[in-house]
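Encoded as structure tokens, the structure appears first; notes follow it.
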Amino acid sequence: MRLLDDILAARPQIEGIRRDLHAHPELRFAEHRTSDLVASQLAGWGIEVHRGLGGTGVVGLIDGTLAPAAGAVRAIGLRADMDALPIQELNAFAHRSTHPGRMHACGHDGHTAMLLAAAQHLARHREFAGRVVLIFQPAEEAGAGAQRMIDDGLFERFDCDAVFAIHNWPGLAVGELGVASGPAMASTSEFHIRVEGRGAHAAMPNLGVDPVYVAIQIAQGLQGLITRVKRPIDSAVLSITMIHAGDATNVIPDGATLAGTVRTFDEGVTALIEAGLRRVAQGTAQAHQASAEVRFERHYPPTVNHAREARIAAAVGDAVLGPGKVIRDIDPTMGAEDFAFMLQQRPGAYLFLGNGTAAGEHRAAGHGAGPCTLHNASYDFNDELIPIGASYWVHLVEHYLGTRPA
Ligand SMILES: [Zn+2]
Ligand SMILES: [Zn+2]
């Protein structure tokens, strides 16, 4: 691996910051301490800092000292997320969360640390032509903080020709990089279906309209949308995760509620499923003399990498990590990610950096009994990734912006 010497030398310092962030996790849009820490570190390294985008978001600007090649000055955006999750940490090591019920269980403490380490290096070695826009965003976890920063003028104020983000990835070996071309993560939508029937004595169903029976017919029908309505080659999953009705074994209730999630890699597929879901719910209810009210909410769009930027990211991975370490066309996952909103605005790519196996060989004594996987109470970010991710960021910047004077 081509890791940069001064980044390796700074690892203890940055690891200290990472563990400090881990010990002080903050939930979406409340990343005040984290935001202060990021801003003061950047400023201390002589980096121009802008605050307040998306509430707690921080933007740092590093201008290169080389004259750009013919044409406009180019800029590359590098994004790290800063928020934690509402999870009670089960690890007992020294840097465990000091905030009850909150935990960095997705490694955003590590993403922030990797980008800080890269920023420190880039501020000292400005041998590139163009601008680096460091984007530290709030509220990736179900808060759409990326969209909030965009709404606050992120790309109007700090234009970027391309944007990139890295997520640590348990299950990939340390030193491996996964780069999907096309979809990397799914869209998320949620639905709620309220079936209204008419309550009755359980022994006399003919005197009412049984909403439980109707809800079960709807639940069966919805899976047909996945197998019969969309093209078989288009991926999608529909999971009903909540069914609520009734309070007694001998009473048919008045209503029943179904709710769940739909995930796809294509907004057109989501639209097909939404229309079908309304049709099946309302048509099925009507067939049984009940009624159904449907609420369908779209959350994150699919995270779709742009082909050119994915190629660039993979090539830089080859150069930094060595041969055979970049997994091109890695399978996308049905998880979701709000970097999708940034990729709707600018070309770019979302990358998976190996965090080691789920066994978590890197974890210190005192870790929880559960697997070292994302959103698990026994997870911890692997600090080995700090010099790898930071060196990768620097090489990506230099490759993308160019290091030779015009
Ligand atoms: Zn997460
Ligand atoms: Zn995450």
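Just so you know, ligand 1 is whichever comes first in the structure, and atom 1 is the first atom listed for that ligand. Bear in mind the structure is a predicted one, so any value in this text is a computation, not a measurement. Index from 1, following the sequence.
With hydrogens and angles left out, the side-chain atoms of S97 and E89 include no donor and acceptor closer than 3.5 Å. A donor-acceptor pair shorter than 3.5 Å can be found between the side chains of S181 and D329.
Judged by a 6.0 Å distance limit and a 45° cone about the ring axis, R74 is positioned over the six-membered ring of Y400.
The six-membered or imidazole ring of Y213 lies near that of H288, with a centre-to-centre distance under 6.0 Å.
The distance from the Zn ion (ligand 1) to the nearest N/O/S atom of C106 is under 2.8 Å. The Zn ion (ligand 2) does not have H111 among its coordinating residues (no N/O/S atom, backbone or side chain, under 2.8 Å). The Zn ion (ligand 1) has an N, O or S atom of E141 under 2.8 Å away, backbone or side chain.
Proximity of D383 to R18: side-chain heavy atoms (C-beta onward) are separated by under 4.5 Å at one or more points.
Nearest to the Zn ion (ligand 1), among the N, O or S atoms that H375 has, is NE2. The closest approach of H167 to the Zn ion (ligand 2), by N/O/S atoms, is made by NE2.
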